[in-house]
J.: 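Please find one structure pasted underneath; my questions will follow.
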Amino acid sequence: MSEENEAYSLFDDVCMAVDNAAAHMDIHPGLLEQIKACNAIYKFNFPIRNDDGTYQVLKGYRIQHSHHKLPVKGGIRFSSYVNEEEVKGLAALMTYKCALVNIPFGGAKGGVSIDPTKYNVSQLERITRRYTSELIKKNFIGPAIDVPAPDYGTGAREMSWIVDTFEAFNPNVINAKGCVTGKPLSQHGIDGRTEATGMGVFFGIREAVSVKEDMDALGLTTGLRGKKVIIQGFGNVGYHSAKYLSEAGALIIGIAEYNGGIYDEEGIDLEALKAFQVKNRGFKSYHKGEFISEANSLLTYPCDILVPAALENQITGENAGDIKAKIIGEAANGPVTQEAEKILAQKNVMIIPDMYLNAGGVTVSYFEWLKNLSRVSFGKLEKRYDMKKFDALLESIENATGDTFTEAQKELIVKGASERDLVVSGLEETMVTAYHEMNKTRKEKNIESLRTAGFILALERIAVSYMDLGIFP
Ligand code: GLU
């Protein structure tokens with residue numbers, strides 16, 4: 001790690017981006033200070049017993065950035081990079097993200113500073129349950145207070161341990177299932193949550209490349225077909241982003257992982273590479289394409305769209321000058337530093353900012369939380385009613401016209417919406433609307449950066465929340 005990286009603070013970087021946006025607004029300085037600050041920081045140490053009887057003391061965090069709306073929302077990260085500055089920055093990003101895509105939550109984030117690959121399943125279960133009970137003790141979790149979700153190093157399995165622990169301590173809380181999202185379906189999760197972030201990344205990039213005027217300015221054609229894409233990270237977010245982009249006609253030519261990457265001009269077979277990665281814990285010796293041991297060099301290979309989908313602080317002052325992509329789609333949180341952003345702006349690179357592009361996860365988390373509070377899955381009540389209604393409608397059209405619909409046409413029209421159909425439709429609507437609001441603000445304010453436009457919109461919405469309470473003028 002260079003000295004520059006050691007001094008790097010994600011939280012400071014986020015605050016800098018907020019200040020850039022505030023410079024275009026008429027916002028009370030006291031209010032801006034209140035919005036930027038973290039409202040509550042809980043950091044704690046807790047022990048776990050190893051299988052050999054020895055003990056380790058682990059560092060845990062839950063940071064609630066903004067209480068302007070409750071509950072607060074954001075993932076829990078298991079990674080050896082977890083530290084207070086990182087969690088503060090990630091929590092702050094959650095606040096602005098939710099405001100930008102109009103999801104009624106404040107922002108939060110949590111983490112445990114461990115490398116989860118070094119622990120077995122039973123140790124991870126003990127760590128997750130102990131972490132959860134520490135949150136319960138201090139009232140830092142609950143369906144009305146603070147609702148965690150998966151993040152880097154955690155997934156549906158950890159969420160099921162969290163809900164189970166919470167319910168054990170709160171047997172009378174009828175909405176207890178809504179204390180965490182990203183749960184498996186059997187634990188009252190929602191269909192589509194696992195792939196939600198990657199699907200949101202796809203919708204966001206699709207919208208960006210659909211605007212002719214903006215593509216002309218980059219010297220690109222509109223549409224995803226034939227666009228060359230390099231992805232950093234082939235976990236849940238990277239894999240699903242790659243999958244949906246390639247289904248829409250983009251060519252995935254490079255994938256970088258922490259332990260090596262693959263480059264293939266002809267396009268990578270994503271399913272084959274994923275199966276190989278799961279089996280071999282990496283890409284080394286994969287039969288097709290070129291193995292790149294210095295995987296991060298892939299970030300600077302020629303391509304149309306670069307999608308960092310791993311961690312923050314990946315495109316920095318050091319490598320920004322070498323980036324050749326025309327568009328950077330921030331699927332991860334904070335992958336481009338503020339220093340790098342200045343360099344990229346001079347090179348006319350379009351950045352689709354994290355606070356917008358990876359909002360698909362929290363959007364579908366919101367749907368899951370609503371489902372848990374209402375205790376009924378989406379579509380359950382109206383599906384059959386809709387089917388009967390459309391069936392009768394088609395029949396009367398057939399009788400009136402003497403024509404008959406094909407089975408495929410009938411299937412499409414009569415089929416009632418499933419939970420998944422509604423989740424995908426709600427996600428698409430959220431991502432499409434937010435993109436064009438952000439881009440409109442960018443053009444109206446005559447600024448280059450979509451990120452600054454995104455922060456302006458988010459700040460305006462958060463500021464109204466405080467002003468309507470009469471706290472600030
Ligand atoms: N960890 C995800 C994020 O960074 C999802 C958060 C959530 O669903 O609450 O946005």
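Indexing begins at 1, ligand by ligand and atom by atom, following the structure's order. Quick caveat, the model's predicted, so the values are computed rather than measured. Positions are given from 1 along the sequence.
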J.: Which ligand 1 atoms are under 4.0 Å away from a heavy-atom of A149?
T.: 6 (C), 7 (C), 8 (O), 9 (O)
J.: Is the distance between the ring centroids of F44 and Y131 less than 6.0 Å?
T.: yes
J.: If the cut-off is 4.0 Å to any non-hydrogen atom of G361, which atoms of ligand 1 fall inside it?
T.: 8 (O)
J.: K73 heavy atoms, cut-off 4.0 Å: which ligand 1 atoms fall inside?
T.: 7 (C), 8 (O), 9 (O)
J.: Salt bridge check: are E368 and K371 linked by an N-O gap of less than 4.0 Å?
T.: no
J.: Can you tell me how the ring of F283 sits relative to the ring of F234, calling it parallel under 30°, perpendicular over 60° and tilted otherwise?
T.: perpendicular
J.: At less than 4.0 angstrom from any non-hydrogen atom of N333, what atoms of ligand 1 do you find?
T.: 4 (O)
J.: Is it the side chain, the backbone, both or neither of P150 that has a heavy atom closer than 4.0 Å to ligand 1?
T.: backbone
J.: Considering both backbone and side-chain atoms of D151, is one of its nitrogen or oxygen atoms within less than 3.5 Å of a nitrogen or oxygen in ligand 1?
T.: yes
J.: What do you reckon, are the aromatic ring centroids of H24 and F455 less than 6.0 Å apart?
T.: no
J.: Tell me: protein heavy atom nearest atom 10 (O) of ligand 1, and distance?
T.: K97 NZ, 2.7 Å
J.: Got a second to check how far I352's CD1 is from R451's CZ, nearest 0.5 Å?
T.: 11.0 Å
J.: Quick one: which ligand 1 atoms are inside 4.0 Å of a heavy atom on G75?
T.: 1 (N), 6 (C)
J.: Starting from atom 8 (O) of ligand 1, which protein heavy atom do you reach first, and at what distance in Å?
T.: S365 OG, 2.6 Å
J.: Identify the protein heavy atom lying closest to atom 5 (C) of ligand 1, giving its residue, its atom name and the separation to 0.1 Å.
T.: R193 NH2, 3.5 Å
J.: Can you find an N/O atom of M94 closer than 3.5 Å to an N/O atom of ligand 1?
T.: no
J.: Y239 vs E271, test: side chain to side chain donor-acceptor pair (under 3.5 Å). Steps then yes/no.
T.: CA-CA 9 Å; Y239 165 73; E271 296 313 315; 2.7 Å; yes
J.: Is the distance between the ring centroids of Y435 and Y356 under 6.0 Å?
T.: yes
J.: Charged N to carboxylate O below 4.0 Å: is that the case for R461 and E437?
T.: yes
J.: For ligand 1, which atoms, with element, lie under 4.0 Å from some heavy atom of K109?
T.: 1 (N), 3 (C), 4 (O)
